[in-house]
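A short write-up of the structure that comes next.
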Protein chains: 2
Amino acid sequence: MTTVYLVDDHAMFRAGVRAELGGRVEVVGEAATPADAVAGIVASRPQVVLLDVHMPDGGGLAVLRQVGERLPATRFLALSVSDAAEDVIALIRAGARGYVTKTISADDLADAVERVAGGDVVFSPLLAGFVLDAFRDAPAAPSVAAAATDADFDQLTPREREVLRLLARGYAYKEIAAELFISVKTVETHASNVLRKLRLSSRHQLTRWAADRRIT
Amino acid sequence: MTTVYLVDDHAMFRAGVRAELGGRVEVVGEAATPADAVAGIVASRPQVVLLDVHMPDGGGLAVLRQVGERLPATRFLALSVSDAAEDVIALIRAGARGYVTKTISADDLADAVERVAGGDVVFSPLLAGFVLDAFRDAPAAPSVAAAATDADFDQLTPREREVLRLLARGYAYKEIAAELFISVKTVETHASNVLRKLRLSSRHQLTRWAADRRIT
DNA sequence: CAGCGCATCGGGTGAACCCCTGATTTCGAC
DNA sequence: GTCGAAATCAGGGGTTCACCCGATGCGCTG
C-alpha cells in the first residue's frame with residue numbers, strides 16, 4: 001500500500017483525508033506546520049507527501065524546498081483550495097509532481113496519490129490547460145508577474161508597508177495622501193519604491209500579490 | 001444530541017467533520033452546493049447548519065438568505081478559511097450565529113456547535129476583536145466603496161463578465177482587446193459598464209473585489 | 001561632521017484609465 | 001415589423017499611474 005504523509009494546517013481536513021483514504025493508502029504521519037512537516041517526513045520516509053499550499057510560515061513551498069533536497073525520492077502532490085496560476089507554477093517549479101484542488105473527490109484523490117507514487121504527474125483537469133500555457137514559454141497571456149517573494153517584503157520600510165496596505169485595498173493615490181496626511185507626490189514615491197522592491201510592475205499585480213497574502 | 005447539517009464544497013473536508021464530530025453531534029445531512037443545501041436543510045430541519053463561506057453559486061451567504069427566511073429557528077455557524085473582515089461581517093449581518101475558521105480543532109468545533117445550538121454566539125478569538133470594531137461605528141476610512149454585492153454581479157451581461165475576468169487578472173485594456181478580438185474602445189465601454197453595475201470607481205477596487213471573491 | 005537611510009515634496013512625460021455622447025448591427029421578443 | 005437589449009466602435013476630454021529627474025530635512029552611525 002502506498003505510504004502517504006499529510007501536511008495541512010486544518011485538522012479537520014486532515015481527518016477527512018485520513019477517513020476517506022484510509023482503505024486505499026497508508027497514512028504514516030501528518031503535520032500542521034512546515035517545520036513539523038519537514039521533521040516528520042524525514043523521519044517517516046513516505047512515498048508521497050500530500051501538501052497543502054497555503055499555510056503559515058511559508059506554506060507548502062517551504063516544505064518542498066527543504067525536504068526536496070534531502071529526500072529527492074519523495075514525491076509531492078500539492079493539494080490546495082487555490083487554482084491560481086502563480087500557486088500552481090510555483091509548486092511545480094519547486095518540484096511537485098502534481099497539483100489538485102480540494103474540490104476533488106475521495107476516489108479521485110486516492111487515484112491521484114497512487115499515480116504520483118507510481119511516477120505519474122497529475123493535474124486537476126481545469127489546471128492542465130494553463131500549466132501547459134505557462135511552460136510553453138512566451139505567455140500568450142501578458143504580464144504574468146515575476147512573483148515577488150516574502151524576502152522582498154522584508155525590505156520595505158514601515159511607511160512603505162503602510163502605503164502598500166492602502167494600495168492593496170484599492171485606494172487612489174489621492175485618497176492615500178489624504179489618509180496619511182502627506183502629498184500625492186510622496187505617495188507616488190512610496191508606491192514606486194514598493195513596486196520596485198517587490199519586483200512588480202503595476203498596481204494590479206500588487207493587489208493580487210497582497211490578496212494572496214491576506215494583506216488587508 | 002445536537003443535529004447538524006453540513007455545507008461545504010470540499011467532500012474531503014465534510015468527511016473530516018463527520019469523522020471527528022461523529023461522536024458528539026448527529027450529522028443529519030450534507031451538501032456541496034447552495035442549491036442542494038437549501039433543499040436538504042428544509043427537508044432535514046437541523047438545529048445547526050455548519051456553513052462554508054466560499055462556495056460556487058453565491059457561497060454560504062446564498063444559503064443563509066434563502067433558508068433564514070423559511071426556517072428562522074435554524075442556527076448557522078459559519079466555517080471558513082477566510083478571516084477577512086468583509087466575509088465575517090457579511091455573514092453575521094445575514095444572520096449567522098457564529099464564525100470560526102477552519103484552523104479550528106475538532107474539540108473546539110464540537111464545543112462551538114453545541115454552544116450555537118444552545119443559543120450562544122461563537123467567534124474564533126482572533127475574530128472577536130475586529131467584529132466589535134466593525135460594529136462600533138463607521139470605518140473612518142475614505143471612499144470605502146459601497147461594497148458591491150453578488151446581486152450586482154448578476155446584472156452583468158456575458159460579455160461584461162468576460163471582460164471582468166480579464167480585468168481582474170490585471171490585463172490592460174489593450175491586451176483585453178487583443179485577447180477578445182475587439183477594439184480598445186469596446187473594452188472601455190464594457191469596463192465602464194462593469195464598474196457602474198458593481199458600484200465601484202476604479203479598476204483597482206475591481207481587482208480587489210475580484211480577488212476577495214476568488215474570481216480569476 | 002560626513003555619510004546614509006528614510007520620509008517628504010516638486011516638475012514633467014507618456015501611457016493607461018474613466019466617462020460622456022453618439023452611432024451601427026444583430027438578435028430575439030412582443 | 002417594431003422595440004429593446006447586447007455588442008460593437010469612434011471622438012474627445014479629464015484623471016490617474018508609473019517613472020524619470022531633482023531637492024530638502026531628519027536622525028543615526030562611524
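Per chain, numbering begins at 1; letters A, B, ... match sequence-line order.
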* Structure fact -> Quick note, salt bridge (charged side-chain N to carboxylate O under 4.0 Å, His left out) partners involving residues 4-17 of chain B, not counting sequence neighbours, are B/D8-B/K102, B/R14-B/E30
* How about B/M12 and A/H10: do any of their side-chain heavy atoms sit closer than 4.5 Å? -> no
* To do: Quick one: pull up CZ in A/R165 and OH in A/Y171 and give me the separation to the nearest 0.5 Å.
  => 8.0 Å
With 3.5 Å as the limit, what N/O pairs link the protein to nucleotides 26-30 of chain C?
none

* Taking only residues two or more places apart in sequence, or in another chain, which ones meet B/R161 in a side chain to side chain contact (heavy atoms under 4.5 Å, CB included)? -> B/F153, B/L156
Considering only nitrogen or oxygen atoms on both sides, find all protein atoms under 3.5 Å from nucleotides 23-30 of chain D and state each distance.
none

* Rounded distance in Å - CD1 (A/I176) to C1' (C/dT8) -> 16 Å
* **Residues in side chain to side chain contact (heavy atoms under 4.5 Å, CB included) contact with A/S192, at least two apart in sequence or another chain** => none
* Please identify each residue that fulfils side-chain hydrogen bond (donor to acceptor under 3.5 Å, both in side chains) with B/D107, with sequence neighbours left out. => none
* **By salt bridge (charged side-chain N to carboxylate O under 4.0 Å, His left out) - contacts of B/K185 (at least two apart)** => B/E188
* Asked: Any ring pair (Phe, Tyr, Trp, His ring centres under 6.0 Å) pairs touching residues 177-204 of chain B, not counting sequence neighbours?
  -> A/H204-B/H204
* Starting at atom CG of B/L156, determine the distance to atom P of D/dA6, rounded to an integer number of angstrom. => 10 Å
* List the atom of A/Y5, the atom of A/S44, and the distance in Å for their closest heavy-atom pair. => CD1-OG, 3.3 Å
* **Results of salt bridge (charged side-chain N to carboxylate O under 4.0 Å, His left out) for B/D111 - residues two or more places apart only** => B/R24
* Structure fact -> Per-helix bend value, the helix from C/dC1-D/dG30 to C/dC30-D/dG1, C1' rotation axes over five pairs per end, 10° rounding, shows 30°
* **Minimum-distance pair of heavy atoms, taken over all atoms of B/A210 and B/A168** => CB-CB, 3.4 Å
* Figure out the CD/C1' separation between B/E160 and D/dA7, and round it to whole Å. => 9 Å
* Residues that A/R196 engages under side-chain hydrogen bond (donor to acceptor under 3.5 Å, both in side chains), provided they are two or more places apart -> A/N193
* **B/S/- contact track for nucleotides 8-22 of chain D, protein heavy atom under 4.0 Å** => BBBBB---SSBB---
* To do: Can you measure from CG (B/L180) to CZ (B/R159) and round to the nearest 0.5 angstrom?
  => 4.5 Å
